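Taking it in order: structure first as structure tokens, then the write-up.
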Amino acid sequence: MAPNNEVRRQGFKRLAISDQQRRREIALLRQSQQRRDSQHHARSLASSVLSLPTPSHNQQQEPQPIQEESELEESAEEPEAESSSTRDFDVLGASKLKGAEARKWFSRQLMLPEWMIDIPPRLNHDWYVYARPSGKRCFVVSSDGTTVSRLRNGSILHHFPSALPNGARTRDNSGSAQSYCLLDCIFHEHDQTYYVIDMVCWRGYSLYDCTAEFRFFWLNSKLAETGACNPPSMYHKYKFSVVPIYDCDQMGLQTAYLGTVPYVKDGLSFYNKHAHYQTGNTPLALVWKDGNCSQYVIDTDSKGQVPPHQQVVLVLNEDGSLTTSDDPPVVFERLSHEIILKFDLKPGTFLRFTIGDGGMSFVDGKVEKADLHYTNQAYRARASADSYSKILFQYTARHAPLRIEDLVASLSSLEDLVEEARDVEMT
């Protein structure tokens, strides 16, 4: 894994086919602004409460109406009543939803990493790395004496008792109705284990607006206390386990890449230490793969074979545009009215295309042209279209892959810069 001296001295440079770094900077700035807004709101609220006149003993306060449970469920079904962040509708309320409404809500809750297109600056200082377990990504919710896991498309994977707080109907695990938990997991079929990669809520305490550094600290300190990491038993059907997470320096990267783990690896995951848990795609979490740490680097077809041409899934919109799952979405092409009528295509459906020999061209980090050829409609169970970063990663994996040597060289050049700065300070 050691880079040669020339590569180490120059660092790693990559052609600008993505604006991923710019979006990372915007995401961190947005987080900072939201934190300032929240602090300002809290100060204003405290100030207004303290300035309110104290009611006299003769004055009677009017009772506040109690919102019925049915009203809560109805309000959750009205799109215009939802805020920009779906987490504002609490998990307990969501657990009461049924069928399609429940699947729709949970399908939008996971924080989805982008695929690594370029190497972030300060990778060895601001990022964690871990070997990603192979398996089914899911949310695990423990509430009201039971535990439910839901897949990325919102459908139920398992319904079971667990040692998580309020996760089973036992005396030892009893708790208030507000004592729910929400974990971001990967279910590993081979050893029937839920590997926890993030903690979103714990005993009713929300960790959405906490940094990854704090969330991982709580995850490692709190989960084992419950007995959730113990072997399965009558009131604890599946074992939970914490994924080992490392600082992304040379030692940490090497351990994650080459180290032995009790699960099958499916690439490496990178988390920015300052990142909050935000739903949807985020450039503050990244995934990277090669043939040594993942069985599936290039997407395969339904037969498990690598197709000769790259396949992409895009969503068709009312205006005929084909876009990715990003927010805002990236437009790849617009279908003509004739083609839409010919194949009887409906807006909102996911369509599969192959990228022909013409490939893709880029300008200023964005796709300018793609040689798309319509294949068929994607499976109905699919939760979303492909993200822009996934399409680019798959494209570069076929033509100019980002290698582990490039990551190591990047870390080496960063460490050299730190050493040079220290030498300057000492002179």
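Not measured: the values here are computed from a predicted model.
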Checklist entry - Where is the tightest heavy-atom contact between C185 and V140, given as atom of each residue plus distance? => result SG-CG2, 3.7 Å
Next on the checklist: Using 0.5 Å steps for rounding, measure from the CZ atom of F139 to the CG atom of D184.
Outcome noted: 5.5 Å
Item to check | Interatomic spacing from CZ in R334 to CG in N317 - rounded to 0.5 Å | outcome: 8.5 Å
Next on the checklist: Counting neighbours of CZ on F214 that are heavy atoms of other residues, nucleotides or ligands and sit closer than 6.0 Å, is the number greater than 12?
Outcome noted: yes
Checklist entry - Is there side-chain contact between L253 and L123, with at least one heavy-atom pair below 4.5 Å? => result no
Next on the checklist: Could you check whether any side-chain N or O of Y277 sits under 3.5 Å from a backbone N or O of M111, counting only pairs where one atom can act as donor and the other as acceptor?
Outcome noted: yes
Checklist entry - Which heavy atom of V331 sits nearest a heavy atom of S321, and at what distance? => result CG1-CB, 4.2 Å
Item to check | Value rounded to 0.5 Å, distance of CZ in R24 from CG in N272 | outcome: 8.5 Å
Next on the checklist: Is there a side chain to side chain contact (heavy atoms under 4.5 Å, CB included) between H309 and D357? Walk through the geometry before answering.
Outcome noted: CA-CA 8 Å; H309 292 90; D357 295 333; 3.0 Å; yes
Item to check | Residue pair T279 / R108, side-chain heavy-atom distance below 4.5 Å | outcome: no
Checklist entry - Is there a side chain to side chain contact (heavy atoms under 4.5 Å, CB included) between L207 and V200 once you walk through the steps? => result CA-CA 5 Å; L207 301 174; V200 186; 5.8 Å; no
Next on the checklist: Under the side-chain contact (heavy atoms from CB on, under 4.5 Å) test against F332, which residue among V312, T323, I391 passes?
Outcome noted: I391
Checklist entry - Any chance NE2 of H190 has more than 12 other-residue heavy atoms, nucleotides or ligands included, within less than 6.0 Å? => result no
Next on the checklist: Checking S384 against S325 for the side-chain hydrogen bond (donor to acceptor under 3.5 Å, both in side chains) test, could you report, in this order, the C-alpha distance in whole Å, the side-chain angles of both residues, the deciding distance, and whether it holds?
Outcome noted: CA-CA 6 Å; S384 63; S325 62; 4.5 Å; no
Item to check | SB check R352 D301 (cutoff 4.0 Å) | outcome: no
Checklist entry - Are any of the side-chain nitrogens in K239 or D191 under 4.0 Å away from the carboxylate oxygens of its partner? => result no
Checklist outcome for this item: Heavy atoms of P113 and R137 approach each other most closely as CD-NH1, 3.8 Å
Checklist entry - Is a side-chain N or O of S294 found less than 3.5 angstrom from the main chain of Y296, in a donor-acceptor match? => result yes
Next on the checklist: Using side-chain heavy atoms (C-beta onward) and a distance below 4.5 Å, is K366 in contact with D19?
Outcome noted: yes
Item to check | Side-chain (Q20) to main-chain (I117) donor-acceptor, under 3.5 angstrom | outcome: yes
Checklist entry - Hey, are the side chains of E114 and L284 touching, using non-hydrogen atoms and a 4.5 Å cut-off? => result no
Item to check | S142 (side chain) donor-acceptor with P165 (main chain) under 3.5 angstrom | outcome: yes
Checklist entry - Would you call R403 and D290 a salt bridge, taking side-chain N to carboxylate O under 4.0 Å as the test? => result no
Item to check | Interatomic distance, L219 atom CG to L183 atom CG [nearest 0.5 angstrom] | outcome: 7.5 Å
Checklist entry - With no hydrogens and no angle check, is any side-chain donor or acceptor of Q31 less than 3.5 Å from a backbone partner on H274? => result yes
Checklist entry - Does CD in E25 sit with more than 12 non-hydrogen atoms of other residues, nucleotides or ligands closer than 6.0 Å? => result yes
Checklist entry - Between Y388 and V367, is there a donor-acceptor pair closer than 3.5 Å when you use the side chain of the first and the backbone of the second? => result yes
Checklist entry - Roughly how far, to the nearest 0.5 Å, is CG of L335 from CZ of F343? => result 9.5 Å
Item to check | L286 side, atom CG; S389 side, atom OG - distance, nearest 0.5 Å | outcome: 8.0 Å
Checklist entry - What do you reckon, is CZ of R152 surrounded by more than 12 foreign heavy atoms closer than 6.0 Å? => result no
Checklist entry - Does any N or O in the side chain of R215 come within less than 3.5 Å of the main-chain N or O of A275, such that one atom is a donor and the other an acceptor? => result yes
Checklist entry - So L407 and W288, side chain to side chain contact (heavy atoms under 4.5 Å, CB included) or not? Walk me through it. => result CA-CA 10 Å; L407 296 174; W288 173 90; 4.0 Å; yes
Item to check | Residue that, paired with Y128, satisfies ring pair (Phe, Tyr, Trp, His ring centres under 6.0 Å) out of F216, F217, F270 | outcome: F216
Checklist entry - Should we say atom NZ of K237 is surrounded by more than 12 heavy atoms from elsewhere, each under 6.0 Å from it? => result no
Next on the checklist: I'd like to know whether F106 forms a side chain to side chain contact (heavy atoms under 4.5 Å, CB included) with V141, so could you lay out the CA-CA distance, the side-chain angles of the two residues, the decisive distance to 0.1 Å, and finally the verdict.
Outcome noted: CA-CA 11 Å; F106 279 99; V141 182; 3.8 Å; yes
Checklist entry - Quick check: does any side chain N or O of K104 sit under 3.5 Å from a backbone N or O of G154, one acting as donor and the other as acceptor? => result no
Item to check | Least distance between heavy atoms, P120 atom then Q21 atom | outcome: CA-OE1, 4.2 Å
Checklist entry - Does some side-chain heavy atom of V264 sit less than 4.5 Å from a side-chain heavy atom of H188? => result yes
Checklist outcome for this item: Closest heavy-atom pair, D386 versus Q311, reported as atoms and distance to 0.1 Å, is OD2-O, 4.3 Å
Next on the checklist: Any side-chain to backbone donor/acceptor pair from T324 onto V330? Under 3.5 Å, distance only.
Outcome noted: yes
Item to check | Exam field: side chain K265 to backbone Y257, donor-acceptor pair closer than 3.5 Å | outcome: yes
Checklist entry - Between D371 and K369, is there a side-chain N and carboxylate O pair less than 4.0 Å apart? => result no
Item to check | V243 and its side-chain contact (heavy atoms from CB on, under 4.5 Å) partner, picked from I197, I186, V261 | outcome: I197
Next on the checklist: Using the ring centroid of each side chain, check whether F160 and Y194 are separated by less than 6.0 Å.
Outcome noted: yes
Item to check | 4.5 Å side-chain heavy-atom contact, K342 and Y374 | outcome: no
Checklist outcome for this item: What one should report as the nearest heavy-atom pair of C181 and R203 is SG-N, 3.4 Å
